[in-house]
Visitor: 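I'd like to ask some things about the structure below.
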Amino acid sequence: MEFKVEEITEEPGLDVVEFLADAYLESPLVMAAFSEDEKVRLECNLKFFKLAIDIGMLSGTILCIKDGIKIVGLLHYAVSPYCSPPPEVQRELGHIMSESLGEAGLRIAEWLITWGKVHPNGDHWHLGPFAVSRAYRGLGLGGMLMREYCKIVDYANATGYLETDYPQNVAFYNKYGFTVKLEQQVIHVMNWFMERPPK
């Protein structure tokens, strides 16, 4: 089958929530925040990504690849300063997350607050979330999405930025011009903070 990258132009809906919840099931941060039980983790992930959309964490541009009508790859990016939750949401992050996710919500809030503390001050195009369905990995879909993102960022002569909790992803992002600027533990999970300079 021939895949193509397209943009989701409407507000992200349940299909985006369900895709991200499943695609991030094996994320080290998600496992540390929620549970080692996959069923529990999926339920929490569904709540988390629904909440993320509700509080504006997925405002920006969403590129996707579909197999028929099913999303099998997705890349979100937002241009600073609109890549972070609004200040009023950031101030209430612990309360917002714990109200929906209980004790796990406090760990999610700590994770997001830690990311916020190392977030670059200058102009940048923030990549993430970015994932490919587990059943479709190894087919080059991640590369297709990254090439499209890099093309857009290069056209804007902008700096790219991302966070990853997968050590194997560092080499993948290196191929697209990203380099590690900082390594730091987040809720006891090593994270890599990476930038890609303007071309």
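Along the sequence shown, residues carry numbers from 1.
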Visitor: Show me the side-chain donor-acceptor pairs of residues 20-27 shorter than 3.5 Å, one per line, residues at least two apart or across chains.
Guide:
unit_1: D22; atom_1: OD1; unit_2: R134; atom_2: NH2; d: 2.7
unit_1: Y24; atom_1: OH; unit_2: F130; atom_2: N; d: 2.9
unit_1: Y24; atom_1: OH; unit_2: F130; atom_2: O; d: 3.0
unit_1: S27; atom_1: OG; unit_2: L29; atom_2: N; d: 3.3
unit_1: S27; atom_1: OG; unit_2: V30; atom_2: N; d: 3.3
unit_1: S27; atom_1: OG; unit_2: D165; atom_2: OD2; d: 2.6

Visitor: If you draw a 6.0 Å radius around OH in Y82, do more than 12 non-hydrogen atoms from other residues or ligands fall strictly inside?
Guide: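 At most 12 heavy atoms, drawn from other residues, nucleotides or ligands, come within 6.0 Å of this atom.
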Visitor: Looking at D54, I want to see if its CG is surrounded by more than 12 non-hydrogen atoms of other residues, nucleotides or ligands under 6.0 Å.
Guide: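 For D54, atom CG is crowded (more than 12 foreign heavy atoms under 6.0 Å).
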Visitor: Taking E148 first and then K151, would you say they form a salt bridge - that is, a charged N and a carboxylate O separated by under 4.0 Å?
Guide: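 Salt bridge flag = yes for K151 with E148.
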Visitor: Between atom CE of M57 and atom CZ of F48, what is the distance when rounded to the nearest 0.5 Å?
Guide: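 So the gap between those two atoms works out to 4.5 Å.
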Visitor: What's the separation between atom CG in L63 and atom CD1 in I152, rounded to the nearest 0.5 Å?
Guide: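 Reported value, rounded in 0.5 Å steps: 5.0 Å.
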Visitor: Would you please indicate if the ring centroids of H126 and H76 are separated by under 6.0 Å?
Guide: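 They do not qualify: ring centres at least 6.0 Å apart.
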Visitor: Is the number of heavy atoms from other residues, nucleotides or ligands within 6.0 Å of NZ (K66) greater than 12?
Guide: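 More than 12 within 6.0 Å, yes.
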Visitor: Roughly how far, to the nearest 0.5 Å, is the CD atom of E183 from the CE atom of M194?
Guide: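 M194 CE to E183 CD: 9.5 Å, rounded to 0.5 Å.
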Visitor: I need the minimum non-hydrogen distance between A32 and V189, along with the two atoms involved.
Guide: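 Heavy atoms of A32 and V189 come nearest at CB-CG2, 3.7 Å.
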Visitor: Throw together a table of side-chain donor-acceptor distances under 3.5 angstrom for residues 33-40, partners on residues two or more places apart or in other chains.
Guide:
unit_1: S35; atom_1: OG; unit_2: D37; atom_2: N; d: 2.9
unit_1: D37; atom_1: OD1; unit_2: K39; atom_2: N; d: 3.0
unit_1: D37; atom_1: OD1; unit_2: V40; atom_2: N; d: 2.9

Visitor: Looking at E43 and K47, is any side-chain nitrogen of the basic one under 4.0 Å from a carboxylate oxygen of the acidic one?
Guide: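 Judged by the 4.0 Å cut-off on N to carboxylate O distance, K47 and E43 do not form a salt bridge.
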